[in-house]
Amino acid sequence: MELASKYNPTEVEAKWYQYWLDHHLFSSRPDAREPYTVVIPPPNVTGVLHMGHMLNETIQDILVRRARMEGKNACWVPGTDHASIATEAKVVARLAAQGIRKTDLTREEFLRHAWQWTEEHGGIILKQLRRVGASCDWDRTAFTMDEERSRSVIKVFVDLYNKGLIYRGVRMVNWDPKAQTALSDEEVVYKEEHTQLYYMKYYVAEDDGTGATGEEGEVIHQDGRGRYAVVATTRPETIMGDVAMCINPADPKNHWLRGKKVIVPLVGRVIPVIEDGYVDIEFGTGCLKVTPAHDVNDYMLGEKYNLPVIDIFNPDATLSEAAGMYVGQDRFDVRRQIAKDLQEAGLMEKVEAYDNKIGCSERTGVPIEPKLSMQWFLKMQHFADLALPPVMNDEIRFYPAKYKNTYRHWLENIKDWCISRQLWWGHRIPAYYLPTGGFVVAETVEEALSLARAKTGNEALTLADLRQDEDALDTWFSSWLWPISLFRGITDPDNADFKYYYPTSDLVTGPDIIFFWVARMIMAGYEFTGKMPFRNVYFTGIVRDKLGRKMSKSLGNSPDPLELIDRYGADGVRMGMMLCAPAGNDILFDETLCEQGRNFCNKIWNAFRLVRGWQTADAPQPETARIAAGWFAARLRRSAADVADMYRKYRLSDALMEVYRLFWDEFSGWYLEMVKPEYGQPVDRTTLGQTIAFFDALLHLLHPFMPFITEELWQHLCERRDGESIMVSPQDIPAPAGTDARLLAEMETVKSVIAGVRAVRNAKNIPPRTALELQAVGTDPVAAYAGVIAKMANVSRIQVVDAKDKGASAFLVGTQEFAVPLGNLIDVDEEIRKAQAELERLEGFLKGVNKKLGNERFVAGAPAAVVELERKKQHDAETKIATLRETLAALRG
RNA sequence: GGGCACUUAGCUCAGUUGGUUCAGAGCGUCUGCCUUACAAGCAGAGGGUCGGGGGUUCGAAUCCCUCAGUGCCCACCA
């Protein structure tokens, strides 16, 4: 079969993925081997693959495949997340497009639509993962809202409620007016915005003119209408909720306002002036309007001073009846309107531009509204106490470790978690309200009923008397159980899978969900299993474009991973991702990296074409090939050891780069060229066998990064039988041997000699076909490698000479001088210039070394080995300088 | 406003506890090659006073201080 000179990934990839599936090569069952478990960070069920996934899944696949090849029982569990808010928003939008309002539907009707949506769009991303090569155990595919996961969530809720860790109460929460639900603190993101600061006049009510003491610093505003205080706010639309004005008791400017009452502008309500140290004297005028219903701090003041609460907003952030004005209008329209009205009424002192940070909903993007409401909360201090120590003492390791700080800071300032959402798409809170007031919490409605009967003493209660809480749980309240619930560890903790696979091994995720997910999984792990959920956490970077901008739909700077795979092959794209992905660093993705990956595939492909094309003959192995094989075996052992070390440190980019260079430079560039027979000549069986063994080892090293091409070539290379696969044919590359270091060092010298000759060739424009002679001055330290040098540099003979030819171009390898006789081809002036420059450099270097050695404190203070090294540097430099001087003298002579 | 990182070749990054021959890699750049595995390639070359300044040390890219810049996280100044 003739092989094309270019690797074509498309067919190969489809073929092998199907082969892997057909032979259940990703499936895992508990056995005697050491388990290696990874749970996928479940993508949104209706999501599509983007570059962030591409990176994340590639890393997981590399780790999983590596573990599998090491002989571990690797199990990578895939699944999707129901993504409560995001999915519900999409369903609501679709319904709206059909002219259906959510509020016109019953819960059951809405959920039918949601499930329908999920079935239509769900799981697309899991199919896409196959294109990437992800070696997930698809039989274990789970969904955060499937039956098992739902049972786990409900069981855990009941358990925590019974432990007294879940409570219900009215608190100030983050309200998303678009999704019309409460959010946790973590779901609020702060955005810098250019806004206005409005300075409004609050006239003193029934002003009798008292209060002014004329003391230093006192600031009294007054106009024809009387005396007034000025309050600066970014939210003038909330004045209808004002119930007090607050000044700092230590603020002389506003002393005169003590004990007074002021009039809310436009509204006309008379409110008291209170005093509290909370108020920042420097901000604005030092007067703060207090709106307990719509600001967390104001709420705190309200509690402290027993102020009334006037909630002026409807759930969609339009003004409510309670506002009394602008009723039904949107908060931002009201802001514009009220600014105008204040202006016209002469109640606006001034308006200034102001940069402010606005809390916005992570999901819908709209500014959140602090709102008092009845919600369910999880007490977090208990969990923080559980989850902090294992990370700080490295029982659970973070890569990179810098995230330990972030983690600690969050846990040390933990607040209770608002877990209820006013949504339908999610796990419904298993609380049941009684007709007589109060509620019970139970896993099933039947249990709830018996609890209710016991609680009320009323045996006549029926299911119809119980009303289940309308709220759903925060999505993360199911995600935090993921590593446990995937193995049914909540509902059936004694099952064999759970005992075998849990704790999982590595978690790969982005640092953006360290609080949402990672921290909470650790909490859940210790709370419900008494064990860590995973041993290591690998935090990926955020994928940015080459200009450093975060990839996003709106910027249009995010390539479609599948399109990239079409163009460069999955292996090419995987490599492109990994080339720029050191752990924890943001990765600046550039499509040319995929090109590099594709080129590498091609390089591997062509190296294979070369080897495959060789005919064999019964012949003794040439000396050059024997040397090459001995050297490359050592080179391979060293790289394999280095790569293993990099895996241990999760330095996957470095590991890939090491294998890349090993294959391209050392194997293809040096080894294959050394053993390659003359065109049309056969190769001896020993060399062919060794070469295939090396190739096999290289494919094994490459496989985790580039699964498709390696499987394809491995089949050709080893003539595998059906059902076999490179991924389950572990190959142990021996540990480096004692003699390796010498072997490697000698070959480096040989390479330098070859490079030296080639450089001469290049400089003089001598074609590769023209054989050259080589002289070694005095002695030849690499005489044993003469055959290699002859072949690689096209050198006809190597002579040891006392003095090199007059017309020779010389170069130094270490302290050893070599020369290529060129007859009249040599450019004397150029040679002199070159030698002179080198001499000057060396003299400067020697001066530095001498200075160091001349320093008594260095000789006395530094370790003997270091001093010895300096002496060697000195000696070598002197030797080289002497050689160069001779060369120069000869050239000039 | 607090905290944590980072600043090394044109670009992206290594550089382990301060000490192996003027600081390394990949990509890009330049020069020469279509040499029957590969031009998605081969051979060679150039490129950095390790952000600025100060200090500790026999010795600093590496430790300390300081200044400047960048990024991220957290925070209730309206």
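Being a predicted model, the structure only gives us computed values, none of them experimental. Letters A, B, ... are given to chains in the order of the sequence lines, protein chains preceding strands, and every chain is numbered from 1.
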Between A/Cys594 and A/Phe589, is there a side-chain heavy-atom distance shorter than 4.5 Å?
yes
Rounding to 0.5 Å, atoms NZ (A/Lys6) and CG (A/Asn599) come to a distance of 9.5 Å
Stepwise ring-ring contact (aromatic ring centres under 6.0 Å, His included) test for A/Phe663 and A/Phe694:
CA-CA 10 Å; A/Phe663 193 97; A/Phe694 292 148; over 10 Å; no
If we take the P atom in both B/rU16 and B/rG24, what is their distance in whole Å?
14 Å
Side chain A/Ser809, main chain A/Val760, donor-acceptor under 3.5 Å
no
Summarise how protein sits on nucleotides 29-34 of chain B as a single string, 5' to 3': B when a protein heavy atom is under 4.0 Å from the base, S for sugar-phosphate-only contact, - for no contact.
---S--
Qualifying salt bridge (Lys or Arg N to Asp or Glu O under 4.0 Å) pairs, either residue in residues 279-290 of chain A, two or more places apart
A/Asp242-A/Lys289
Using atom P in both nucleotides, what's the gap between B/rG3 and B/rC50 to the nearest angstrom?
30 Å
Pairwise P distance for B/rG15 and B/rU8, with rounding to whole Å
14 Å
Could you tell me the Watson-Crick or G-U partner of B/rU62, where both distances fall under 3.5 Å? Say none if there is no partner.
none
Report yes or no: does A/Ser653 contribute a side-chain atom to a donor-acceptor pair with the main-chain N or O of A/Met578 at less than 3.5 Å?
yes
Ignoring hydrogens and geometry beyond distance, is the side chain of A/Lys872 in donor-acceptor contact with the base of B/rU21 at under 3.5 Å?
yes
By the Watson-Crick or G-U definition, both distances under 3.5 Å, B/rA43 is matched with B/rU31
Quantified in whole Å, what is the C1' atom distance between nucleotide B/rC6 and nucleotide B/rG51?
11 Å
Identified ring-ring contact (aromatic ring centres under 6.0 Å, His included) partner of A/Phe515 from the options A/Trp417, A/Trp410, A/Tyr403, A/Tyr407
A/Trp410
When rounded to the nearest 0.5 Å, the distance separating CG of A/Leu342 from OH of A/Tyr198 is 9.5 Å
Quiz question: going by heavy-atom distance under 3.5 Å, is there a donor-acceptor pair between the base of B/rA37 and the side chain of A/Glu673?
yes
As a test of reading the structure: which of B/rU20, B/rU12, B/rC22 is closest to the side chain of A/Arg841, going by heavy atoms?
B/rC22
Heavy atoms, side chains only, cut-off 4.5 Å: are A/Thr406 and A/Phe398 in contact?
no
Heavy-atom check, side chain of A/Tyr278 versus side chain of A/Met300, under 4.5 Å:
yes
What is the distance, rounded to the nearest whole Å, between atom CG of A/Leu656 and atom P of B/rC27?
12 Å
Test item: A/Asn254 side-chain N/O and A/Leu257 main-chain N/O as donor-acceptor pair under 3.5 Å:
no
Provide a list of protein-nucleic acid N or O atom pairs under 3.5 angstrom, restricted to nucleotides 47-51 of chain B.
none

With sugar-phosphate meaning primed atoms plus P, OP1 and OP2, does A/Thr291 contact a base, only sugar-phosphate, or nothing at under 4.0 Å between heavy atoms?
nothing
Only pairs with both distances under 3.5 Å count, Watson-Crick or wobble alike; so what is the partner of B/rG1 in this structure?
B/rC74
Pick base, sugar-phosphate or nothing for A/Ala755, based on heavy-atom distances below 4.0 Å to the nucleic acid.
sugar-phosphate
Between B/rU35 (P) and A/Arg758 (CZ): distance, integer Å
16 Å
Could you tell me how far B/rA60 sits from B/rG19 if I compare only their P atoms? Round to whole Å.
11 Å
A/Met674 CE to B/rC42 P, in whole Å, measures 15 Å
Note: A/Asp645-A/Lys649 ion pair, threshold 4.0 Å (strictly below)
yes
Whole angstrom value for the distance that separates P of B/rG19 from CG of A/Leu853:
18 Å
Distance between P atoms of B/rG28 and B/rC72 (Å, rounded)
29 Å
Partner nucleotide, any strand, of B/rG26 [Watson-Crick/G-U, under 3.5 Å]
B/rC11
Between B/rC76 and B/rC4 - C1' atom distance, rounded Å
22 Å
What is the per-nucleotide protein-contact pattern of nucleotides 55-63 of chain B, from the 5' end, where B denotes a base atom under 4.0 Å from a protein heavy atom, S denotes such proximity for sugar-phosphate atoms only, and - denotes neither?
---B-----
Is the phosphate of B/rC42, meaning OP1 or OP2, less than 4.0 Å from a side-chain N or O of A/Trp664?
yes
Return the value, rounded to whole Å, for the distance between atom CD of A/Glu870 and atom P of B/rC22.
11 Å
Answer yes or no: is there a side-chain heavy-atom contact under 4.5 Å between A/Val683 and A/Val675?
no
Donor-acceptor pair, side chain of A/Thr195 and main chain of A/Tyr354, under 3.5 angstrom:
yes
Regarding the side chain of A/Met657, the nearest nucleotide among B/rG26, B/rC4, B/rA43 is B/rG26
Gap in Å between the two P atoms, one belonging to B/rU49 and one to B/rU62, rounded:
16 Å
Using whole Å, what does the distance between atom C1' of nucleotide B/rU20 and atom CZ of A/Phe845 come to?
11 Å
How close or far is atom P of B/rG41 from atom OH of A/Tyr7, stated in whole angstroms?
16 Å
Heavy atoms only, 4.0 Å cut-off, all strands: where does A/Arg651 land among base, sugar-phosphate and nothing?
sugar-phosphate
Could you tell me the Watson-Crick or G-U partner of B/rC6, where both distances fall under 3.5 Å? Say none if there is no partner.
B/rG69
Angle class for the A/Phe695/A/Phe608 ring planes (parallel below 30°, perpendicular above 60°, tilted otherwise)?
perpendicular
Contacts of type side chain to side chain donor-acceptor pair (under 3.5 Å), residue A/Gln681, not counting sequence neighbours:
none
When you check every protein heavy atom under 4.0 Å of nucleotides 71-78 of chain B, what one-letter string (B, S, -) results, 5' to 3'?
-SSSBBBB
On a plain distance test, is the side chain of A/Arg598 in donor-acceptor contact with the base of B/rA40 below 3.5 Å?
yes
Using the side-chain hydrogen bond (donor to acceptor under 3.5 Å, both in side chains) rule, pick out the option among A/Glu591, A/Arg598, A/Arg574 that qualifies with A/Tyr568.
A/Glu591
Using both distances under 3.5 Å as the test, list the Watson-Crick or G-U wobble partner of B/rG48, or none.
none
Between B/rG41 and A/Asn599, is there an OP1 or OP2 to side-chain N/O distance shorter than 4.0 Å?
yes
For A/Gly669 and A/Asp876, find the nucleotide of RNA chain B closest to each by heavy atoms; which residue's nucleotide sits nearer the 5' end?
A/Asp876
Report which part of the nucleic acid A/Trp614 touches: base, sugar-phosphate, or nothing (heavy-atom distance under 4.0 Å, all strands).
nothing
Side chain proximity check, A/Met348 to A/Met200, heavy atoms < 4.5 angstrom:
yes
Protein-nucleotide distance (A/Lys764, atom NZ; B/rA43, atom C1'), rounded to Å:
16 Å
Of A/Asp665 and A/Arg769, the one whose closest nucleotide on RNA chain B sits nearer the 5' end is A/Asp665
